[in-house]
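What follows is a set of notes on a single structure, which appears directly below.
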Amino acid sequence: MFRTFHAILFLGLPLWASAALPSLRDSDWGFMEVRPGAHMFYWFFNTRAEVRHTQERPLIVWLQGGPGASSTGHGNFEEIGPLDVDLMPRNFTWVKDFNVLFIDSPVGAGYSHVDHTDLLPTDNAQITADLVTFLGMFYDKHPRLMTAPLHIFGESYGGKAAVELTLSLVRQPMRKTRKVIPESVVLIDPWISPLDSMLSWAPFLFNTGVVDRKGFGAIVAATMRTQEAMKRRDYRRATKLWGETEKTIQKYTYGVDFYNILKPIPFKSIRNNRFGVQYEEDEARIHNLMNTQVRKALNVPKKYVWGSQRQSVFAALSGDFLKPAVDTVERLLNETDVMVAVVTGQLDLIVATPGTLRWVERLNWSGKQSFQNSDRKAIVVNSIHEGYAKKYDNLSLYWILRAGHMVPRDNPGAMTHILRSVTQIP
């Protein structure tokens, strides 16, 4: 049974807000209390596709990374929503063809918040439980969407929640009489096997000419210290050493952008940030947008400051941050018919392609050998080579060219190809 909840819905829309954010006219947003004192914020957009009923098009659930980054902010305005951070219409918005639900998860991300920090989730299981509860409430409010095909998308750390949420929905339906089974789970540069990603950092940077032999050795040494802590199951210590490894990378690369290794870096600013200048600038812009125009347009009370609990979210999850979720992916492949799609950006450092290939090729499932032996095909969009795809049974792997950590933003054409392939919507 679901807990009783109180939903705060901001349905009254000021005229000025309608002009500033025209996308609000076909959207719904608000808070839902998934646990006593734990309030989850969402922003739902009805599709703009020319259909008689919006439920004729799939529902896409978008889960951001971090942990602690905001779907309603980052995923929406920086990647796939109807408007960009300058409040200009986005040509490649997913709302054009799909219903899109942005959820600020875990509670504490974005506008989501807890009344006391001891209510913050401390592991992926709690994050998933909150999401299952939330979806039950969301479908109660939007029952027509029960018939819409469901697809779960998770980016970066959001991939860990995406696979566990998908498995939970398959194995333990939200309602005995309302069974909602995801048709696919799509993992974009997912933090599924953190150690594999970390082990790929030094060779990836060396082979792309970003570090020399000395830098390579320093990064390897830092990574090994993290690995040793993980072997001892001292995950909080490992998370701290992960941060030290990133600082080592920053030192020897003079501030390479972790999200896209080819991003131009203003040299004078490299000592002031960990992920690169572009990351810091994007964070400042989105923080300002969400706490000014967006807050006013949505009538969000001032006491709920977007992003104010983000660091607390990460701290609460520091003991779970580096734990892998490979076994959950294997269970999806072996025990369900859900399509699992893995997307890797060529220029991403955080979840570098070589590390992703390591855990994908190591997956223990019935189609392992056939998948490895299958041919890799080119992805061509408007006569441009955009990447590669390999598929067997219910596993697909996409290599995307000219894209970093945020594939939908960096290569929207290739991402549109993936969307059509996964959802079967032309």
Side-chain angles (χ1 to χ4, degrees), residues 62-69 71 74-75 78-79 124 152-164 185-208 210 219 222-223 226-227 230 238-239 242-243 245-246 248-250 253 256-263 274-276 278-279 282 314 317 320-326 328-329 340-363 387-388 390 395-411 414-415 418:
W62 180 270
L63 302 175
Q64 205 70 36
S71 293
H74 297 289
E78 289 190 302
E79 298 191 69
N124 203 33
I152 310 293
F153 279 68
E155 184 177 77
S156 193
Y157 193 85
K160 290 180 66 173
V163 293
E164 190 158 343
V185 56
V186 182
L187 311 173
I188 302 174
D189 288 309
W191 196 240
I192 294 294
S193 185
L195 185 58
D196 280 321
S197 293
M198 290 189 68
L199 290 171
S200 73
W201 287 351
F204 179 60
L205 291 170
F206 182 76
N207 291 331
T208 52
V210 183
I219 296 168
T223 303
T226 308
Q227 184 179 32
M230 291 182 69
T239 297
W242 160 84
T245 304
E246 289 193 328
T248 300
I249 291 175
Q250 179 191 21
T253 64
V256 68
D257 194 298
F258 279 60
Y259 284 74
N260 187 321
I261 64 169
L262 293 188
K263 283 281 188 181
R274 188 172 71 212
F275 290 114
Q278 186 64 52
Y279 171 83
D282 289 347
F314 190 93
L317 288 163
D320 197 68
F321 178 67
L322 290 177
K323 292 181 180 179
V326 176
T328 308
V329 178
V340 178
V342 181
V343 182
T344 178
Q346 174 192 29
L347 304 175
D348 182 22
L349 174 59
I350 300 173
V351 187
T353 296
T356 297
L357 293 179
R358 282 170 60 95
W359 69 260
V360 169
E361 293 173 350
R362 203 170 59 240
L363 287 169
Y388 308 90
K390 176 181 282 196
L395 177 63
S396 299
L397 177 60
Y398 298 92
W399 294 254
I400 304 304
L401 303 176
R402 297 177 298 282
H405 195 61
M406 295 181 171
V407 174
R409 181 182 68 181
D410 293 347
N411 195 329
M415 196 67 226
I418 296 171

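Heavy atoms only: backbone and side chains are in, while hydrogens, waters and symmetry mates are out. Just so you know, residue 1 is the first one in the sequence shown, and it goes up from there.
- Using a 4.5 Å heavy-atom cutoff, the side chains of P408 and W62 are in contact.
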Checklist line | Chi angles and distances behind the side-chain contact (heavy atoms from CB on, under 4.5 Å) call for F258, I249 | finding: CA-CA 9 Å; F258 279 60; I249 291 175; 3.8 Å; yes

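- Between L317 and P67, the shortest heavy-atom distance links the atoms CD1-CB, 3.6 Å.
- For T344 and T353, the side-chain atoms include at least one donor-acceptor pair closer than 3.5 Å.
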Next item on the list: For side-chain contact (heavy atoms from CB on, under 4.5 Å), just list the numbers for I261 and F204, CA-CA rounded to whole Å, side-chain angles, deciding distance to a tenth of an Å, and then say yes or no.
Entry: CA-CA 10 Å; I261 64 169; F204 179 60; 3.9 Å; yes

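- A161 is linked by a side-chain contact (heavy atoms from CB on, under 4.5 Å) to L63, N124, I127, L131, counting only residues two or more places apart in sequence or in another chain.
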Note to self: Could you walk me through whether I219 and F206 satisfy the side-chain contact (heavy atoms from CB on, under 4.5 Å) test, starting with their C-alpha distance in whole Å, then the side-chain angles of each, then the deciding distance to 0.1 Å, before giving a yes or no?
What the structure shows: CA-CA 10 Å; I219 296 168; F206 182 76; over 6 Å; no

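- Here the OH atom belonging to Y398 is positioned 16.0 Å from the OH atom belonging to Y388, to the nearest 0.5 angstrom.
- Side-chain atoms of M230 and L322, non-hydrogen and from C-beta on, do get closer than 4.5 Å to each other.
- The closest side-chain heavy-atom distance from W399 to V343 is not below 4.5 Å.
- Residue I400 comes nearest to A414 through the heavy atom pair CG2-CB, 3.8 Å, listed as atom of the first residue, atom of the second, then distance.
- The side-chain heavy atoms of W359 and P190, taken from C-beta on, include a pair separated by under 4.5 Å.
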Next item on the list: Kindly indicate, with the supporting measurements, whether the criterion side-chain contact (heavy atoms from CB on, under 4.5 Å) is fulfilled by I350 and Y259.
Entry: CA-CA 6 Å; I350 300 173; Y259 284 74; 3.7 Å; yes

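- Side-chain contact check for I152 versus V186: every heavy-atom pair is 4.5 Å or farther apart.
- For the atom pair CZ (F321) and OG1 (T239), the distance works out to 6.5 Å, reported to the nearest 0.5 Å.
- Atoms OG1 and CE, from T223 and M198 in turn, are 4.5 Å apart once rounded to the nearest 0.5 Å.
- Using a 4.0 Å cut-off between charged nitrogen and carboxylate oxygen, K263 and D257 do not count as a salt-bridge pair.
- Using a 3.5 Å distance cut-off with no hydrogens or angles, the side chains of E78 and Q64 do not pair a donor with an acceptor.
- A distance-only check finds no donor-acceptor pair linking the side chain of D348 to the backbone of M406 [under 3.5 Å].
- The two residues W191 and K160 make their nearest non-hydrogen contact at O-CG, 3.2 Å.
- Looking only at side-chain heavy atoms (C-beta outward), H405 and V351 come within less than 4.5 Å of each other.
- D410 places a side-chain N or O within 3.5 Å of a backbone atom of G404 that can act as its donor or acceptor partner.
- For the pair T253 (side chain) and V210 (backbone), a donor-acceptor distance under 3.5 Å is absent.
- Note: T245 OG1 to Q250 CD = 13.0 Å, rounded to the nearest 0.5 Å.
- Heavy atoms only, all atoms of each residue included: G355 and S200 are closest at N-CB, 3.5 Å.
- Between F153 and L187 the shortest side-chain heavy-atom distance does not fall below 4.5 Å.
- Closest of all the heavy-atom pairs between G65 and S156 is CA-CB, 4.1 Å.
- Between atom OG1 of residue T328 and atom CD1 of residue I192 there is a gap of 7.5 Å, rounded to the nearest 0.5 Å.
- Side-chain contact between N260 and L349 is absent, with no heavy-atom pair separated by less than 4.5 Å.
- When every heavy atom of V407 is checked against every heavy atom of E155, the shortest pair comes out as N-OE2, 4.4 Å.
- Separating the CG atom in L401 from the CD atom in Q346 is a distance of 5.0 Å, to the nearest 0.5 Å.
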